[in-house]
Engineer: 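Mind looking over this structure? Questions follow.
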Amino acid sequence: MCADDATCGTPTWIGKGLTCVCFKRKGTYERICINLTPQQATLRALWAATYPDQELHGLISDQWKEMGWQGKDPSTDFRGAGFISLENLLFFAKTFSTSFQRLLRKQGGKRADWEYPFAVAGVNITFMLMQMLDLEATKPRTFVRSVFLQMLSDNEWAFDLLYCVAFVVMDKQWLERNATYMEFNDVLKSTRAQLERELLMDDVLQIEEMPSYSLLS
């Protein structure tokens, strides 16, 4: 799966990197492989997908705070969950742009004054999923991991899809609780519990069959 104006390739967490980035020139997209690290290429692609009409002034810029990074250098925020967290955000932005923009801009529902920062929340969701699925283990140690690995064998983008589901579930629970940032960890825990329940349903054989998948648009 490769969108025209996104970095392309299979997910790096299953073994391949990203080196190409596309730029819009004279109304058309042109893919140019330049000397960018995978991280830099994906950051630029993420910005373009998030703010297509706004030029990014630099990979280190106060502009990143608009997306919900804590400072001007987003790489300092996603180190905890690794490069995959950045890829997850890009996949979400490109695949479910309506849902992505709705959550980014905190549209819909009654929001608390102290909201969660969008991008940092995304990194925490990646980390939560990695723990839930025990991805660093060499052998499956939980049933939910075994179920997920079967889904992954059928669709290499299963983790990215699950990430998108997790994000909209988290936001839905956030709104239902009228939560504030101090309650973020509690909301994340209840999000994990809901995802585990849905993944273990007898009639759920792929991510698209999870009940909460219908929240995506």
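Values below: all heavy atoms of this structure, side chains included; hydrogens, waters and symmetry mates excluded. Numbering of residues begins at 1 and proceeds along the displayed sequence.
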Engineer: Taking the side chain as everything from C-beta on, heavy atoms only, tell me whether V165 gets closer than 4.5 Å to L215.
Structural biologist: no

Engineer: Could you tell me whether the side chain of T191 reaches within less than 4.5 Å of the side chain of K172, counting heavy atoms only?
Structural biologist: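 Counting from C-beta outward, K172 and T191 never come under 4.5 Å.
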
Engineer: I'd like to check R177 versus S190 (side-chain heavy atoms, cut-off strictly below 4.5 Å). Are they in contact?
Structural biologist: yes

Engineer: Filter on side-chain hydrogen bond (donor to acceptor under 3.5 Å, both in side chains), then keep only pairs touching residues 45-55, sequence neighbours left out; what's left?
Structural biologist: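 Non-adjacent pairs meeting side-chain hydrogen bond (donor to acceptor under 3.5 Å, both in side chains): Q54-E66.
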
Engineer: Can you see whether W174 engages E183 through a side-chain donor-acceptor pair at a distance of less than 3.5 angstrom?
Structural biologist: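 There is no such pair (donor and acceptor under 3.5 Å, judged by atom type) between the side chains of W174 and E183.
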
Engineer: Before you tell me yes or no, could you show the steps for K65 and D62 under side-chain contact (heavy atoms from CB on, under 4.5 Å), namely the whole-Å CA-CA distance, both residues' side-chain angles and the distance that decides it to 0.1 Å?
Structural biologist: CA-CA 6 Å; K65 296 178 184 178; D62 282 330; 3.4 Å; yes

Engineer: Would you say that more than 12 heavy atoms from the other residues, nucleotides or ligands in this model lie under 6.0 Å from the NZ of K106, or not?
Structural biologist: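 Yes.
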
Engineer: Within this structure, what is the CG-CD1 distance for the pair D73 and I60, rounded to the nearest 0.5 Å?
Structural biologist: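 That separation rounds to 4.5 Å.
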
Engineer: So, T76 and Q70: side-chain donor and acceptor under 3.5 Å apart, yes or no?
Structural biologist: no

Engineer: Are M182 and L175 connected in the hydrophobic side-chain network, where two residues link if heavy atoms are under 4.5 Å apart?
Structural biologist: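 Unlinked, M182 and L175 end up in two clusters.
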
Engineer: Is the shortest heavy-atom distance from the side chain of K72 to the side chain of W64 under 4.5 Å?
Structural biologist: no

Engineer: Tell me whether D134 is salt-bridged to R145, with the criterion being a basic N under 4.0 Å from an acidic carboxylate O.
Structural biologist: no

Engineer: If you look at every heavy atom in D77 and G71, which pair is closest and at what distance?
Structural biologist: OD2-N, 4.1 Å

Engineer: I'd like to know if I207 and L200 are part of one continuous hydrophobic network [Ile/Leu/Val/Met/Phe/Trp/Tyr, side-chain heavy atoms within less than 4.5 Å].
Structural biologist: yes

Engineer: Kindly indicate whether the side chain of L129, heavy atoms from C-beta on, has any atom under 4.5 Å from the side chain of M132.
Structural biologist: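 A side-chain contact exists here, since the closest heavy-atom pair is under 4.5 Å.
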
Engineer: Please answer: with hydrophobic residues joined when any side-chain heavy atoms are less than 4.5 Å apart, are L161 and M201 in the same cluster?
Structural biologist: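 Hydrophobic grouping puts L161 with M201.
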
Engineer: Taking side chain as C-beta onward, heavy atoms only, is Y181 less than 4.5 Å from P117?
Structural biologist: yes

Engineer: Will you find, in the side chains of S99 and S217, an N or O donor that is under 3.5 Å from an N or O acceptor?
Structural biologist: yes

Engineer: Report the distance from atom CZ of F118 to atom CD of Q101, rounding to the nearest 0.5 Å.
Structural biologist: 8.0 Å

Engineer: With side-chain contact (heavy atoms from CB on, under 4.5 Å) as the test, would you mind laying out the steps for M210 and L195 before giving the verdict?
Structural biologist: CA-CA 9 Å; M210 294 175 66; L195 296 175; 3.9 Å; yes

Engineer: Can you measure from CG (L89) to CG (D160) and round to the nearest 0.5 angstrom?
Structural biologist: 10.5 Å

Engineer: Please give me the minimum heavy-atom distance between V168 and S212, naming the atom from each residue.
Structural biologist: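 Looking at all heavy atoms of both residues, the closest pair is CG2-O, 4.4 Å.
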
Engineer: Determine whether Y116 and N124 satisfy the following criterion, side-chain hydrogen bond (donor to acceptor under 3.5 Å, both in side chains), listing intermediate values before the conclusion.
Structural biologist: CA-CA 11 Å; Y116 64 84; N124 279 273; over 6 Å; no

Engineer: Treating S97 as the side-chain partner and A93 as the backbone partner, does any N or O pair qualify as donor plus acceptor under 3.5 Å?
Structural biologist: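 Judged by distance alone, no pair lies under 3.5 Å.
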
Engineer: Taking all non-hydrogen atoms of both residues into account, name the closest pair between I125 and A166 and its distance.
Structural biologist: CG2-CB, 3.7 Å

Engineer: Taking F83's backbone N and O only, do any of them form a donor-acceptor pair with Q39's side chain (distance below 3.5 Å, no angle check)?
Structural biologist: no

Engineer: Are the side chain of S214 and the backbone N or O of P211 linked by a donor-acceptor pair below 3.5 Å?
Structural biologist: yes

Engineer: Can you check side-chain contact (heavy atoms from CB on, under 4.5 Å) on Q40 and S75, steps first, answer last?
Structural biologist: CA-CA 9 Å; Q40 291 171 332; S75 66; over 6 Å; no

Engineer: State the CG-CZ distance between L59 and R44, to the nearest 0.5 angstrom.
Structural biologist: 4.5 Å

Engineer: Report yes if some heavy atom in the side chain of Q131 is under 4.5 Å from a heavy atom in the side chain of R192; otherwise report no.
Structural biologist: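 Yes, their side chains come closer than 4.5 Å.
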
Engineer: How close do S85 and T126 get, counting heavy atoms only, and between which atoms?
Structural biologist: CA-OG1, 3.5 Å

Engineer: If every non-hydrogen atom of I84 is compared with every non-hydrogen atom of M130, which pair is closest and at what distance?
Structural biologist: CG2-SD, 4.0 Å

Engineer: Kindly compute the distance separating OH (Y213) from CD (E209), expressed to the nearest 0.5 Å.
Structural biologist: 11.0 Å

Engineer: Kindly determine whether L133 and L162 satisfy side-chain contact (heavy atoms from CB on, under 4.5 Å), including the steps that lead there.
Structural biologist: CA-CA 11 Å; L133 300 172; L162 182 59; 3.9 Å; yes

Engineer: Taking all heavy atoms of L199 and all of V147, pick out the closest pair and write down the distance.
Structural biologist: O-CG1, 3.5 Å

Engineer: Starting from F143, can I reach L205 by hopping between I/L/V/M/F/W/Y residues whose side chains sit under 4.5 Å apart?
Structural biologist: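 Each belongs to a different hydrophobic cluster.
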
Engineer: With F91, which of Y163, F167, W157, F100 fulfils ring pair (Phe, Tyr, Trp, His ring centres under 6.0 Å)?
Structural biologist: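 Only one of Y163, F167, W157, F100 forms a ring pair (Phe, Tyr, Trp, His ring centres under 6.0 Å) with F91, namely W157.
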
Engineer: Please identify each residue that fulfils side-chain contact (heavy atoms from CB on, under 4.5 Å) with R197, with sequence neighbours left out.
Structural biologist: A193, Q194

